[in-house]
Number of protein chains: 2
Amino acid sequence: MTRYRAVIEYDGTNYFGFQRQIKAQQTIQGELEKALFNLAQASIQVIGAGRTDAGVHARGQVIAFDFANWKHGTERLQSALNGTLPRDIAVRDMQVATDEFHPRFDATRRGYRYTVWNRPNPSPLNQRYSWHIRQSLDLNAMNIAAKHLIGEHDFRTFGTPPNGNNSVRRIFHAEWQRNDDFLLFDIIGTAFLKRMVRSIVGSLRLVGIGTWSIDDFVTALQAAERSRAGQSAPACGLVLEFVKYSEQ
Amino acid sequence: MTRYRAVIEYDGTNYFGFQRQIKAQQTIQGELEKALFNLAQASIQVIGAGRTDAGVHARGQVIAFDFANWKHGTERLQSALNGTLPRDIAVRDMQVATDEFHPRFDATRRGYRYTVWNRPNPSPLNQRYSWHIRQSLDLNAMNIAAKHLIGEHDFRTFGTPPNGNNSVRRIFHAEWQRNDDFLLFDIIGTAFLKRMVRSIVGSLRLVGIGTWSIDDFVTALQAAERSRAGQSAPACGLVLEFVKYSEQ
C-alpha cells in the first residue's frame, strides 16, 4: 500500500464542490474516486486539503490517496488519471507521500485568489472566472480594511466552522491589486471557514463602493456574528491557488 | 434612421459561428438581432466584419446595424443591449457611424490571436480558450516558417474563398511568442479565408514537432492546394482580437 499526494487543478463550474455528497451530485472528490476505481478496480478514498464550495475553482488543491499495487511509477499514474478524468479536472503533479501524510491536517497555509472584472460592461471571455462589479471601487479603502484581517481573529462573521467548532483562524496576507480591468484579491491563511473568502470579498465590496466605512468593516469583523457580513461574492471568481506544508 | 457601429466580445463555445444559419442553430448574429428586435420591436439586420467559425471567440468583432428612432443616446443603447443579450455576448463600445459604413467591406486589417497551452498535462482552467499541445515545440522553426506568410499570397492551401472567389490575401504580421506555459500566435492581415488561421496554426504545429521542415511548410503554402495543409487547430484557441478601419 502506497500513499500518493497530488496537486489538482479544476474548473468548478459544473460541480457541487470538492466533497462527495450523499445525494447523487457531481463533485471533484467523486470524479477523482471514480477515475481511481477505473485504474485499481477497487474503491480508493480521496482526501482533500480544502473543501471548496460549489462552483469554486482550484489551481493547487492537494489530495492524498492509498493505492495498493501500482507498479508503473508516479508519472504514469498521473497520465493514466488524466486520461480518465473529465476535461475540467486534471492532476498537475504527483508524488509518493509518507504513510502519515494527511493533506488537510498537515497543511500549514492555504492561498486563495478572488478575481473581479471591474468595468461598466460585462466581459463574456472573463465571466467564467470573475465577478463583474460595474461601479468604480475605492481600492485604497478596501486595502486598509483588508489589513484588519491579518493576524489571529474569530472569523465567525465571515463563515461557519464545522459543527460549532473553533472559528479562530490566522491570516498572513490579504491584499487587493489592480491589473488593467481586473481587481485581484490574494488571501493567505492557516485555514478558512466555509464561505469565508467569498464573504470577506462581498463585505470589502461594500467598503469599495462606500456603503460601509472602514470602521463598519472592522466592527462587523469584531462582532463575530454571521449576520453582520455583507452578501457573499459569487463562487465563480474564487480559485484555491495553493496549499503549503511545513516541510516545504 | 441611424447607423450604429459596435465592438462585440463573445465566448463562441456555444455558438455555430457568427453568421445566421438557415437551420435553427444559435449564432452570434442571431442573438444580436434577437436583442435588437426586443428593443426596436422590428427586425434589424446586423452586419459583422468577420464571419467567425463555430466555437471561435472574439474580443473585437465589429458590427453595424440601422436603428430607426432610438432617442436615448449610444451609451444607453449599449447598456440596453447588454441587459438583453445572453451572458456570453456583450457590447464593448458603441458609436454612431456614417450611413455608408460597412464593417466588412471597409475593414483594412483584422487581427487574430491563437493560444496554445504547451505543457505535458492538461489545464482545466485554460482549456476553454486554448489548444493543449503536449509535445515540446521548436518555436524558432515555427517563427521562421510563419515569416513566409508575410506579404501577398494565394492562401488557398489554408482556406476556402467564398464561392470560388479570389484567395489572395495580404498578411502584415505573423509571430509566435512564449508566455510561461502558453504559446501565443498573433496574425494580422487584410482579411482571412474561411478556416485560414486555424489551418495555418495546425500546419505550424507540424513544423514545431518536427514532422514538417520549414521547407515543407513553404512548399505547402506555394502549392495553393487545400489538401496540402496540416490538420486545422481546434476553434476554442482562436480569438478575433480587432478589426481596423482606414480612418483609425
Side-chain angles (χ1 to χ4, degrees), chain A residues 6-15 28 31-32 35 52 55-61 74-94 113 115 117 119-132 134 180-181 234 236-241, chain B residues 6-15 28 31-32 35 52 55-61 74-94 113 115 117 119-132 134 180-181 234 236-241:
Chain A
V7 180
I8 308 292
E9 176 177 331
Y10 49 84
D11 178 327
T13 309
N14 298 323
Y15 294 94
I28 308 297
E31 295 302 315
L32 289 164
T52 54
V56 172
H57 317 292
R59 224 180 308 269
Q61 171 77 282
T74 51
E75 207 172 307
R76 284 183 62 187
L77 180 52
Q78 177 176 352
S79 10
L81 278 172
N82 281 333
T84 309
L85 283 165
R87 273 167 60 92
D88 42 15
I89 306 175
V91 183
R92 291 183 60 172
D93 184 60
M94 186 168 292
R113 169 168 283 187
T115 301
W117 170 254
R119 292 270 301 167
N121 301 311
S123 173
L125 290 172
N126 293 298
Q127 47 120 336
R128 196 172 176 92
Y129 305 115
S130 63
W131 183 20
H132 179 207
R134 284 175 174 76
D180 288 328
D181 297 328
C236 61
L238 186 59
V239 178
L240 171 56
E241 294 286 348
Chain B
V7 180
I8 308 292
E9 176 178 332
Y10 49 83
D11 178 327
T13 309
N14 299 321
Y15 295 94
I28 307 298
E31 295 300 315
L32 289 164
T52 54
V56 173
H57 317 292
R59 224 180 309 268
Q61 170 77 284
T74 52
E75 206 171 308
R76 285 183 60 188
L77 181 53
Q78 180 175 350
S79 9
L81 278 173
N82 280 334
T84 309
L85 284 165
R87 275 166 58 93
D88 44 14
I89 306 176
V91 182
R92 291 183 61 169
D93 183 60
M94 186 170 290
R113 170 169 282 189
T115 301
W117 170 255
R119 292 269 301 165
N121 301 311
S123 172
L125 290 172
N126 292 299
Q127 47 120 333
R128 196 173 176 93
Y129 305 116
S130 64
W131 182 21
H132 180 206
R134 284 175 173 76
D180 287 329
D181 297 328
C236 61
L238 186 59
V239 177
L240 172 56
E241 294 286 348

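A note on names: the letters A, B, ... follow the listed sequences, proteins ahead of strands, and every chain is numbered from 1. Values in this document were obtained by computation on a predicted structure and should not be read as measured data.
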Minimum-distance pair of heavy atoms, taken over all atoms of A:Pro122 and B:Ala90 |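 For A:Pro122 and B:Ala90, the tightest heavy-atom pair comes out as O-CB, 3.6 Å.
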What part of [X] gets within 4.5 angstrom of chain B, counting heavy atoms only: side chain, backbone, both, or neither?
X	result
A:Tyr129	side chain
A:Ser79	neither
A:Leu125	both

Please look at B:Ser123 and chain A and tell me whether the side chain, the backbone, both or neither of the residue comes under 4.5 angstrom of a heavy atom of that chain.
->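 Both the backbone and the side chain of B:Ser123 come within 4.5 Å of chain A.
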Name the region of B:Arg87, side chain, backbone, both or neither, that has any atom closer than 4.5 Å to a heavy atom of chain A.
->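 Looking at B:Arg87, backbone and side chain both touch chain A.
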Going from [atom1] on [X] to [atom2] on [Y], what distance comes out if it is rounded to the nearest 0.5 angstrom?
X	Y	atom1	atom2	value
A:Asn121	B:Glu9	CG	CD	9.5 Å
B:Asn82	A:Arg134	CG	CZ	8.0 Å
A:Asp88	B:Arg128	CG	CZ	10.5 Å

